[in-house]
Amino acid sequence: MGASLRSVTMSPLCPLLLALALALAAVPGVRGACPVPADLKSANGTRTCAKLYDKSDPYYENCCGGAELALQPGADLPYLPSDWTNVISSLVVGQRCELTVWSIRGKAGKKRKFSAGTYPRLEEYRRGIFGDWSNAISALYCRCN
């Protein structure tokens, strides 16, 4: 029976790591400061297909900030305005809508479709083997059913 119990001391970092793990587990449903897809409407109440933002952040509550570009259903921009080319880092797509984006102007290069939802950090969405979609959108088409 000579088993003895040793006192186990917790590192002061353990509670912090546990809190971080819990926060990361909740990430897929996190919206941060981004609007809810069902709330995408213009000031006069008409439907908005998607909203694009030029700011994201490692902290989800700070995403969907900075300048905002609202797209109406049917928006077809093979050449984004120069101040919006390769600067989009967060986006929200309205209900029953789909946003198709391209990495090169003129609807060329890599292509991805974003369905209805909130995408606060485009860094988390792969564009090929080495890239991601943050600051990589040069053309787009937005449609709604």
(message) So, using side chain to side chain contact (heavy atoms under 4.5 Å, CB included) as the criterion, who are the partners of Y79 when residues are at least two apart?
(response) R105
(request) Applying side chain to side chain donor-acceptor pair (under 3.5 Å), name anything that partners S42, two or more places apart in sequence or on another chain. (result) N44, T46
(request) Can you sort out the partners of L40 under side chain to side chain contact (heavy atoms under 4.5 Å, CB included), two or more places apart, ordered by chain and number? (result) P35, T48, K51, V92
(message) Testing the basics here: between L80 and T85, what is the closest heavy-atom pair and its distance to 0.1 Å?
(response) O-OG1, 3.3 Å
(message) Once ring pair (Phe, Tyr, Trp, His ring centres under 6.0 Å) is applied, do any residues pair with Y119, and if so which ones, sequence neighbours excluded?
(response) F114, Y125
(request) Using the test side chain to side chain donor-acceptor pair (under 3.5 Å), find all partners of S90 that sit at least two apart in sequence or belong to another chain. (result) none
(message) Show every salt bridge (Lys or Arg N to Asp or Glu O under 4.0 Å) that has at least one partner inside residues 136-145, sequence neighbours left out.
(response) E98-R143
(message) Among residues at least two apart in sequence or on other chains, which ones pass side chain to side chain contact (heavy atoms under 4.5 Å, CB included) with N86?
(response) S138
(message) So, taking the atom named CG in L122 and the one named CG in L91, what distance separates them when rounded to the nearest 0.5 Å?
(response) 4.5 Å
(message) Can you list everything that forms a side chain to side chain contact (heavy atoms under 4.5 Å, CB included) with K110? Sequence neighbours excluded, please.
(response) S103, R127, W133
(message) I'd like to know if the side chain of D54 reaches the main chain of V87, judged simply by a donor and an acceptor atom lying under 3.5 Å from each other, with no hydrogens or angles considered.
(response) no
(message) Suppose the criterion is salt bridge (Lys or Arg N to Asp or Glu O under 4.0 Å): which pairs have a residue in residues 37-49, not counting sequence neighbours?
(response) none
(message) How close do A116 and G94 get, counting heavy atoms only, and between which atoms?
(response) CB-O, 3.2 Å
(request) For residues 81-92, pull every pair meeting salt bridge (Lys or Arg N to Asp or Glu O under 4.0 Å), keeping only residues two or more places apart or in separate chains. (result) none
(message) D132: which residues meet the salt bridge (charged side-chain N to carboxylate O under 4.0 Å, His left out) condition with it, sequence neighbours left out?
(response) none
(message) Show the nearest heavy-atom pair for residues E68 and Y53, with the distance to one decimal.
(response) OE1-CE2, 3.3 Å
(message) So which atom in G106 and which in A139 form the shortest heavy-atom distance, rounded to 0.1 Å?
(response) N-CB, 4.3 Å
(message) Donor-acceptor pair, distance only, cut-off 3.5 Å: does the side chain of S134 make one with the backbone of S89?
(response) no
(request) Would you kindly confirm whether Y141 and L77 end up in one hydrophobic cluster when ILVMFWY residues are joined by side chain heavy atoms under 4.5 Å apart? (result) no
(message) How close do E123 and R126 get, counting heavy atoms only, and between which atoms?
(response) O-NH1, 4.5 Å
(request) Name all pairs fulfilling the disulfide bond (SG atoms under 2.5 Å apart) condition that reach into residues 109-145, sequence neighbours left out, sorted by first residue then second. (result) C49-C142, C97-C144
(request) Looking only at non-hydrogen atoms, find the nearest pair between G109 and W102 and report the distance. (result) O-CD1, 4.4 Å
(message) Does K55, at its NZ atom, have more than 12 non-hydrogen atoms belonging to other residues, nucleotides or ligands within less than 6.0 Å?
(response) no
(request) Measure the spacing between SG of C64 and CZ of R121 and express it to the nearest 0.5 Å. (result) 11.5 Å
(request) Evaluate the side-chain proximity of I88 to V101: yes if any heavy-atom separation is below 4.5 Å, no if none is. (result) no
(message) Once rounded to the nearest 0.5 Å, what's the spacing between atom CG of L69 and atom CG of L140?
(response) 7.5 Å
(request) Taking the side chain as every heavy atom from C-beta outward, state whether P37 and T118 have any pair of such atoms under 4.5 Å apart. (result) yes
